[in-house]
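Let me begin by presenting the structure, written as structure tokens, before commenting on it.
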Amino acid sequence: MEGNYWLFKSEPGSYSYDDLVKDEVAEWDGVRNFQARNFLRDSIKHGDHVLFYHSNAKPTAVIGTALVVREGYPDYTAWQEHSDHPDPKSTADNPIWYMVDIKPLEKFSNHVSLQEIRNNPLLEGMLLLKRGMRLSVQPVTKEEFNIICGMGRS
DNA sequence: GCCAACGTTGGC
DNA sequence: GCCAACGTTGGC
């Protein structure tokens with residue numbers, strides 16, 4: 001039984017890879033999309049590997065990797081009225097949104113930009129490259145994960 | 001259950 | 001800042 005691989009998007013202006021390094025562990029809260037929620041709640045397991053991607057950045061790129069250290073549990077920021085992502089429909093008794101905890105693993109010496117990913121024929125199947133793909137939590141294959149790690153170390 | 005309006009994401 | 005793509009909401 002082997003772990004799975006994921007890509008998490010974050011806008012560096014709100015939470016960057018360096019923030020993760022500083023915090024040592026991050027609660028991946030604030031995801032408010034049902035498809036991404038299902039991954040967080042049902043599929044992402046302790047020990048799974050994560051590509052940490054900066055969206056809305058210059059350039060947009062995979063910055064490094066992270067490790068899942070806690071499996072899906074209710075995103076309590078949803079029922080905190082003054083959090084960044086309140087959702088009054090979610091309650092402690094009946095949570096709608098979920099999150100996981102991650103810790104930093106490896107910061108790449110070479111940030112792997114979206115352009116480099118596009119230019120690599122081995123990665124042409126990546127979900128990230130699909131038109132209109134906006135999922136902030138998405139699966140990647142082991143092969144894609146390893147190829148991007150290789151590019152990040154070169 | 002359809003679909004128009006609206007809001008958000010995210011690359012450029 | 002623009003705008004295409006997509007998700008969500010709500011009237012009917």
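Lettering follows sequence order; numbering is per chain, from 1. These numbers were taken from a predicted model, which means no experiment stands behind them.
- Within the 4.0 Å cut-off from OP1 or OP2 of B:dT9, not a single side-chain nitrogen or oxygen of A:K9 is found.
- The separation between A:M133 atom CE and C:dC6 atom P is 9 Å, rounded to whole Å.
- Within the 4.0 angstrom heavy-atom criterion, only backbone atoms of the sugar-phosphate kind lie near A:R118; the bases stay farther away.
- Nearest to the side-chain atoms of A:S55 among the listed nucleotides C:dT8, B:dG10, B:dC12 stands B:dG10.
- Rounded to an integer number of Å, the gap from A:D87 CG to C:dT8 C1' is 12 Å.
- Distance from the side chain of A:T60 is smallest to B:dG11 among C:dG7, B:dG11, B:dG10.
- Taking only side-chain nitrogens and oxygens, A:Y53 never comes nearer than 4.0 Å to OP1 or OP2 of B:dT9.
- Note: CG (A:L127) to P (B:dG10) measures 13 Å, nearest angstrom.
- One side chain, A:D101 or A:Y73, offers a donor N or O that lies under 3.5 Å from an acceptor on the other.
- C:dT8 atom P lies 10 Å from atom CG of A:L135, rounded to whole Å.
- Between A:N56 and A:G132, the one whose closest nucleotide on DNA chain C sits nearer the 5' end is A:N56.
- As a whole-Å value, the separation of A:E11 CD from B:dT9 P is 7 Å.
- Crowding of A:K142 atom NZ: a count of heavy atoms from other residues, nucleotides or ligands under 6.0 Å not exceeding 12.
- Here the rule is ring-ring contact (aromatic ring centres under 6.0 Å, His included) with A:W97, and of A:W79, A:F34, A:Y76, A:W28 only A:F34 fits it.
- Residues A:I148 and A:L123 form a side-chain contact, since some pair of their non-hydrogen atoms from C-beta on lies under 4.5 Å apart.
- Between A:H49 and A:F145, the ring-plane angle classifies as perpendicular under the 30° and 60° cut-offs.
- Side-chain nitrogen and oxygen atoms of A:K89 include at least one within less than 4.0 Å of the OP1 or OP2 phosphate oxygen of C:dT9.
- Rounded to a whole Å, the CG atom of A:N33 is 6 Å from the P atom of C:dT8.
- When rounded to the nearest whole Å, the span between CH2 of A:W97 and C1' of C:dG7 equals 10 Å.
- Spacing between atom CG of A:L128 and atom P of C:dA5 amounts to 17 Å, rounded to whole angstrom units.
- Under 4.0 angstrom from either OP1 or OP2 of B:dG7 there lies no side-chain N or O belonging to A:R134.
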